[in-house]
Every structure is written in C-alpha cells, then in structure tokens.
Student: 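Have a look at this one.
The figures that follow rest on heavy atoms only: side chains count, while hydrogens, waters and symmetry mates do not.
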Amino acid sequence: MPGGDISDLDKNRALVAWLRYQLRHAEQRVRDLEHAEQAERRRKQRARAEQLWKIQPRRSAETALLHRGGCGLYMSRAFIDREAAVNALAEPGIAPCDVCAPETGLTGP
C-alpha cells in the first residue's frame with residue numbers, strides 16, 4: 001500500500017462484507033414480511049369464520065349442535081350463513097353449543 005492507499009483487494013473485501021450485511025438484513029425483512037402476511041391471512045380467516053356458523057352432526061343419542069364458525073370444539077370447513085343458522089336453531093334436533101353460544105350472533109336485525 002504505497003502512500004497509505006487502500007488496495008483494490010481490501011476495497012473489494014470491504015464491499016463484499018457490506019453486501020453480505022445488506023443481504024442478511026434484506027432476507028430478515030422478507031421473513032418478517034412473510035410472517036406478517038401469514039398472520040394477517042389467519043386473522044382474516046378467523047374474522048370471516050366468526051361471521052358464519054357450522055353444524056356438528058348428531059352422534060348416536062346426542063343432539064346436533066350449532067357452532068359459531070370460529071368455535072374450536074368442532075372443526076369443519078362447511079359453513080352456513082346467518083339465515084341457515086337461524087333456521088337450524090328452529091329445528092327440534094339442533095341445539096346451540098354451550099361454549100361458543102352461537103345464538104348471540106343470531107339475535108337482532
């Protein structure tokens with residue numbers, strides 16, 4: 001290094017180190033954004049499910065149950081809308097779930 005100048009090799013090594021640093025941070029940002037996007041998608045799915053209902057079929061002597069779409073006691077992807085849920089509760093063989101209380105979302109206008 002004549003005269004205290006930095007060699008081309010040292011400059012390029014420094015550039016490579018800086019680019020690796022930038023790449024690590026860009027990759028972390030992408031992971032953070034992907035995680036946030038997945039969380040938002042799950043939040044929207046839960047919000048949509050809370051606007052719907054589902055019916056747990058009768059098992060042997062048990063009564064069929066009406067659940068809110070987001071109730072975890074009965075897993076189903078077969079949802080029904082508000083009108084069908086109101087009609088289901090009017091049926092003698094269908095009762096509301098004691099845990100999620102789906103009838104509270106069916107009262108009123």
Side-chain angles (χ1 to χ4, degrees):
M1 283 190 259
D5 290 333
I6 300 174
S7 72
D8 283 344
L9 179 58
D10 288 339
K11 287 179 187 178
N12 281 284
R13 284 180 179 152
L15 177 60
V16 167
W18 181 78
L19 290 172
R20 285 183 178 144
Y21 168 82
Q22 291 293 323
L23 180 59
R24 280 193 310 272
H25 285 278
E27 288 172 337
Q28 183 60 50
R29 180 71 175 142
V30 167
R31 285 190 296 272
D32 292 345
L33 291 170
E34 287 172 344
H35 178 70
E37 188 176 276
Q38 291 170 355
E40 177 67 12
R41 189 174 22 254
R42 286 190 302 269
R43 186 197 64 74
K44 285 181 180 180
Q45 288 172 343
R46 280 193 305 272
R48 178 183 174 273
E50 286 303 317
Q51 298 299 317
L52 298 171
W53 290 263
K54 55 191 174 184
I55 297 176
Q56 179 178 354
R58 177 186 318 203
R59 292 188 195 158
S60 59
E62 296 178 8
T63 304
L65 294 175
L66 179 70
H67 296 273
R68 286 184 163 280
C71 182
L73 292 181
Y74 175 66
M75 297 303 189
S76 173
R77 294 200 186 273
F79 296 108
I80 59 175
D81 62 12
R82 184 180 191 280
E83 183 179 341
V86 169
N87 291 336
L89 272 183
E91 295 290 325
I94 299 177
C97 171
D98 291 333
V99 175
C100 67
E103 68 278 9
T104 58
L106 297 174
T107 58

Student: Under a single-linkage definition using a 4.5 Å side-chain heavy-atom cutoff for Ile, Leu, Val, Met, Phe, Trp and Tyr, are W53 and L89 assigned to the same hydrophobic cluster?
Tutor: yes
Student: Should the heavy atoms of other residues, nucleotides or ligands under 6.0 Å from CD of Q28 be counted, would the total exceed 12?
Tutor: yes
Student: To check you understand the geometry: which heavy-atom pair defines the closest contact between F79 and L52, and what is its length?
Tutor: CB-CD1, 3.7 Å
Student: Grab the two heavy atoms, one from A78 and one from K54, that are nearest each other, plus how far apart they are.
Tutor: O-CB, 3.7 Å
Student: Counting only heavy atoms from other residues, nucleotides and ligands, does the tally under 6.0 Å from CG of D81 exceed 12?
Tutor: yes
Student: Can you tell me how far OG1 of T63 sits from CD of E91, rounded to the nearest 0.5 angstrom?
Tutor: 13.0 Å
Student: So D8 and K11, side chain to side chain contact (heavy atoms under 4.5 Å, CB included) or not? Walk me through it.
Tutor: CA-CA 5 Å; D8 283 344; K11 287 179 187 178; 4.2 Å; yes
Student: Is D10 salt-bridged to R13, going by a charged N under 4.0 Å from an acidic O?
Tutor: yes
Student: For the residue pair I80 and I55, establish whether any side-chain heavy-atom pair is separated by less than 4.5 Å.
Tutor: yes
Student: Of the non-hydrogen atoms in Y74 and P57, which two are nearest, and what is the gap between them?
Tutor: OH-CD, 3.3 Å
Student: So does R77 have more than 12 non-hydrogen atoms from other groups sitting under 6.0 Å from CZ?
Tutor: no
Student: So which heavy atom on R58 is nearest to which on A64, and how close?
Tutor: N-CB, 3.8 Å
Student: Looking only at heavy atoms, what is the nearest atom pair of R68 and T104, with distance?
Tutor: NH2-OG1, 3.2 Å
Student: Is the number of heavy atoms from other residues, nucleotides or ligands within 6.0 Å of NE2 (H35) greater than 12?
Tutor: no
Student: Check P102 against L66 and note the closest heavy-atom contact, atom names and distance.
Tutor: CG-O, 3.0 Å
Student: Less than 4.5 Å apart, any side-chain heavy atom of C100 and any of L73?
Tutor: no
Student: Considering only NZ, NE, NH1 and NH2 on the basic side and carboxylate oxygens on the acidic side, decide whether R43 and E40 come within less than 4.0 Å.
Tutor: yes
